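One structure is given here, and the rest of the page talks about it.
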Amino acid sequence: MSVSKTAILEALKNVQEPDLKKDLVTLNLVKIISVEGNKIHLEVKVSNPAMHAKQRMMEAVKFAIHRVLGNEFEVQTEVVSLSGEERDGELRRVLPGVKQIIAVASGKGGVGKSTVSVNLAVGLAKRGYRVGYLDTDIYGPSAPTMLDVVLEKPRLVDDENGAKVMLPVEAYGVKVMSIGFFTDRDQAIVWRGSMANKALLQMVNDVNWGELDFLILDLPPGTGDIHLSIVQSIPLDAVLIVSTPQEVALADARKGIAMFQLPAINIPILGLVENMAWFTPAELPNNKYYLFGCEGTRQLADELNLPLIGELPLIQSIREAGDVGRPSVLQEGTQVEAVWETFLVNFEKELRLLPFRKKQIVKDVE
Ligand SMILES: Nc1ncnc2c1ncn2[C@@H]1O[C@H](COP(=O)(O)OP(=O)(O)OP(=O)(O)O)[C@@H](O)[C@H]1O
Ligand SMILES: [Mg+2]
């Protein structure tokens, strides 16, 4: 008994690469190593480096071959991860109209990711860029409140192929999407991971983002499944890490950085942001109180040879602005606006330097 390579490839057209959403053959991810009698030996590449994803792919390949060609075939599949470059090439087909996708992450919760990402998005829009903001915090979406769009809903329209797509909500010149638009504000969202991932992918693929200079992704805290899913399905250009100077926050920031720097993930860290760096009471403008410790994030940045993009003090009006939904970067002529201005200037500078830094890293390794 024997089978042609064409028949094997035909059978494998039924297997989808789960992250890249196309079949293995179209994506050219299958190599037939040998076919001897009823023994088929294959190599298949997958985007997700996790063990369980590889196991699942092995099962899917076996299932497809048995179903199409018959149960008598013995299938041996070696599953290897796509390299960062190969994956980027494929992922570029996702969100092709977006020039730069920047994620804002931290390890610990409540350190100011949403505050930083909302103000970054609105601040960039104020500078004339076309900006989108995607709240990926499926379990605790805060964007609708912070951008005062709680009562709005994305509109459903037909795209040029007649398919239904969503149009993001607009706030302060930024195109905004959040899972919060689809859930009741007071309802605790208790979803299984797979549902959360599906909702996230819909906000990327079924939304008409149009042409954007920046898409800012506000990530949930931690380094969980949803993060893995994001790095595999969205072609991130860089990540900004937010931390407070507190030891527990820094330890978690370190874990977050380590995750993005894993060889299989390999997303450049644009820099660190120290939030709640100090507190200055309005009546004592020259005093700085280091409530959460002093310069911890700067030290971490130095140690890891990463830029420190901003030091944002703890300011009451930053919190109030978040609560009323008018980002503090819009408070013209104030100390707060000046703080964001410095941050934005550094952000743009580090972004310009990033391609050179990547080359430098390669040189260092060589
Ligand atoms: N520099 C600051 N000054 C004053 N208040 C701040 C500052 N940064 C953040 N806050 C406030 O701290 C709270 C937590 O901030 P935020 O929601 O941005 O954190 P987060 O990291 O996104 O949290 P989560 O992990 O829950 O997503 C908010 O009420 C916010 O307004
Ligand atoms: Mg948040």
Side-chain angles (χ1 to χ4, degrees), residues 102-123 133-150 176-181 183 185 188-189 196 200 203 216-224 226-227 230 239-246 248-253 255-257 259 272-282 288-298 308-331 334-344:
I102 311 287
V104 179
S106 73
K108 194 173 180 307
V111 295
K113 288 175 295 302
S114 299
T115 303
V116 168
S117 34
V118 161
N119 283 288
L120 173 62
V122 174
Y133 170 89
L134 174 58
D135 179 8
T136 65
D137 198 342
I138 305 277
Y139 299 102
S142 45
T145 306
M146 287 190 165
L147 290 160
D148 193 20
V149 284
V150 173
V176 182
M177 271 307 289
S178 166
I179 198 73
F181 293 139
T183 54
R185 191 144 71 124
I189 307 176
L200 176 73
M203 290 200 294
I216 308 295
L217 258 62
D218 182 359
L219 300 194
T223 47
I226 194 95
H227 298 82
I230 289 170
V239 186
L240 210 57
I241 302 282
V242 182
S243 181
T244 66
Q246 204 177 356
V248 280
L250 291 167
D252 286 357
K255 281 186 213 152
I257 293 169
M259 180 191 79
L272 275 65
V273 181
E274 180 158 277
N275 190 25
M276 311 191 192
W278 63 81
F279 170 66
T280 300
K288 286 183 177 178
Y289 297 94
Y290 296 92
L291 304 182
F292 297 109
C294 186
E295 296 197 339
T297 317
R298 178 182 290 278
L308 182 74
I309 295 199
E311 288 170 299
L312 312 170
L314 186 71
I315 300 178
Q316 188 169 334
S317 65
I318 292 188
R319 199 266 306 148
E320 286 167 354
D323 290 351
V324 300
R326 189 173 186 278
S328 49
V329 67
L330 297 170
Q331 293 172 5
T334 63
Q335 173 212 3
V336 179
E337 193 203 22
V339 164
W340 289 120
E341 184 58 27
T342 310
F343 165 71
L344 285 162

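When a ligand or atom number is given, it counts from 1 through the structure's own listing order. Every value quoted in this text rests on a predicted model; they were computed, and no experiment measured them.
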Point to revise | N/O donor-acceptor pair under 3.5 Å between Asp135 side chain and Pro141 backbone | key: no
**Study point:** Salt-bridge contact Arg298-Glu274 (side-chain N to carboxylate O under 4.0 Å)
**Key:** no
Check your understanding: Any side-chain heavy atom of Asp252 within less than 4.5 Å of one from Val111?
Key -> no
Check your understanding: What distance separates Leu120 CG from Tyr133 OH, expressed to the nearest 0.5 Å?
Key -> 10.0 Å
Check your understanding: Do Asp137 side-chain atoms and Asp218 backbone N/O form a donor-acceptor pair below 3.5 Å?
Key -> no
Review point. If we only count heavy atoms from C-beta on, is the Thr297 to Ile241 side-chain gap below 4.5 Å?
Key: no
Point to revise | Residues in contact with ligand 1, criterion: heavy atom under 4.0 Å | key: Gly109, Gly110, Val111, Gly112, Lys113, Ser114, Thr115, Asp137, Met146, Pro221, Asn275, Met276, Pro313, Leu314, Ile315, Ile318, Arg319
Point to revise | 4.5 Å side-chain heavy-atom contact, Ser117 and Leu217 | key: no
Practice item. With 2.8 Å as the limit, jot down which protein N, O or S atoms are around the Mg ion (ligand 2). Key: Ser114 OG
**Study point:** Considering all heavy atoms, the nearest Ser178-Pro144 contact
**Key:** OG-CD, 3.5 Å
Exercise for review: Answer whether the closest heavy-atom distance between the side chains of Pro220 and Ile226 falls below 4.5 Å.
Suggested key: yes
